[in-house]
Amino acid sequence: MSLDFILKHDNNSKGAVLLFHGLTGSPFELKKYGQFLYNNGYDVFAECLPGHGEKFEEIYTVKYEDWLEFAYSRFEKLKSEYKEVFVSGLCLGAVLALAVGIKYKNEVSGIIALSTTLYLDGWRLPWYKCFMPVALATILRFYYNYPECEPHGVKNIKTRNAVKKLLAKGDVGMNDFPMTGFKELLELSAVVRKNLQKVVSPILLIHSKEDDLTSIRSSEIVNKKISSKDKEYIILYDSYHMVLYDNEKEFVFNKAVEFLNNHIKINEKTEELICI
Amino acid sequence: MYLKIMEFSFLGVALILTFLLFIRELGVTKKMSPMRASDFVSSMAGLMFGYVILAFLLALFLKGIQVKFTMVLFGFMPFIIGKIVTYKKVHFYSIIQIVCIIVSIVYVISL
């Protein structure tokens, strides 16, 4: 069952928003967010990342270069069709959004990075995470799947229970995190970290103070290193990792739309000035 | 004295690691709950870390260029195997890994 979605207006769309989901997730986790952006006048595109398709084994063979190639090709396709193309993502998706910003610089109208995962240092990870580098660099990475467990990245109990049921069905994402996926995510993060100064597009960073998978350090580094003059960094205090489903989701949705609208306006004003 | 302790620690860690890798190959972890399997593999990671550190320490303190070189090679072996292993050939490389550790045990005993 494909979970990809494209939400397109017949005409008069304000621009395109390319969405990337998180590690072991699927576009399903972006559905409500995408719908909200669509309702506010944007065309929204979300597809399954390589390795996250119907065959579970694919996550063991996918390389971070495959994710990059996928992200670049989708962005280029949209750029050929739209004047304004924004990129947004959650977790691994946020890292990919930054990677697109690094490569295409000013061509990206704006970046919305949610729960950016440059390090796996959240409070949910067990004490023995210090052995992770050894496990990732050796054959052990093929032996180990970190099981999805409480709190599933969600602070809101009702939503958490719903997520738990959906994950148990296995239709909307994987029930555990293969270490091979972690390895590729961390390698991609290292590449992005090295090149953060190349990000010049306007950016909205949102990260939860209590993120259970990746601490706020990741977003702080992005905020500090990027060259974007127009940047906004928001810290949430009542959510965990899955900010699009947690207690402050409406705030996140509204902030995202506010950011998109502001930057469409800025781009229009710049064009008017050029005409004058 | 310290060298003897290091040698015995290396042998102990390597033996337990071989045993865990072997029973994992027999499919024991498949019968475990996800959390228990996760703890099992984490202990292997801890032991692998200990194995590598002890191999490097022995390389540092043992005498003879050839011995030093061999111990460094044993220390790097898990990472070399980790670099070339693929999902499809994971069982084959698991056996290679077990054999390498057994060879290192025999080598340290023979010193």
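Order of the sequence lines fixes the chain letters, A, B, ..., with proteins taken first and strands second; residue numbering starts at 1 for each chain. Atom set for the values below is all heavy atoms of this structure, side chains included, hydrogens, waters and symmetry mates excluded.
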| message | Does B:Q66, at its CD atom, have more than 12 non-hydrogen atoms belonging to other residues, nucleotides or ligands within less than 6.0 Å? | response | no

| field | Heavy atoms from other residues, nucleotides or ligands near OH of B:Y107 exceed 12 (cutoff 6.0 Å) | value | yes

| said: Quick check on the interface: out of B:D39, B:I84, B:V52, who has the most heavy-atom pairs with chain A under 4.5 Å? | reply: B:D39

| said: Run B:I81 and A:T138 through side chain to side chain contact (heavy atoms under 4.5 Å, CB included) and show every step you take. | reply: CA-CA 7 Å; B:I81 293 172; A:T138 61; over 6 Å; no

| task | Go through A:F142 and B:V85 one step at a time and tell me if the side chain to side chain contact (heavy atoms under 4.5 Å, CB included) criterion holds. | result | CA-CA 9 Å; A:F142 289 98; B:V85 63; 3.3 Å; yes

| remark: residues 20-27 of chain B vs chain A, non-hydrogen distance cutoff under 4.5 Å, contacting residues -> B:L21, B:R24, B:E25

| query | Do we see a donor-acceptor contact under 3.5 Å between the side chains of B:S94 and A:Y143? | reply | yes

| Leading residue by heavy atom contact count with chain B [cutoff under 4.5 Å; candidates A:M179, A:R141, A:M132] | A:R141

| field | Residue A:E65 excluded, over 12 heavy atoms near CD under 6.0 Å | value | yes

| said: At a heavy-atom distance under 4.5 Å, which candidate from A:T180, A:V134, A:I139 has the highest pair count against chain B? | reply: A:I139

| Heavy-atom pairs under 4.5 Å with chain A, option from B:S42, B:S43, B:P78 with the top count | B:S42

| field | Pairwise ring pair (Phe, Tyr, Trp, His ring centres under 6.0 Å) hits with a residue in residues 25-62 of chain B, at least two apart | value | A:F131-B:F49, B:F10-B:Y51, B:F56-B:F76

| said: With a sphere of 6.0 Å drawn around CZ of B:F19, does it hold more than 12 non-hydrogen atoms of other residues, nucleotides or ligands? | reply: no

| request: Please say whether more than 12 non-hydrogen atoms of neighbouring residues, nucleotides or ligands are located less than 6.0 Å from NZ in A:K31. | output: no

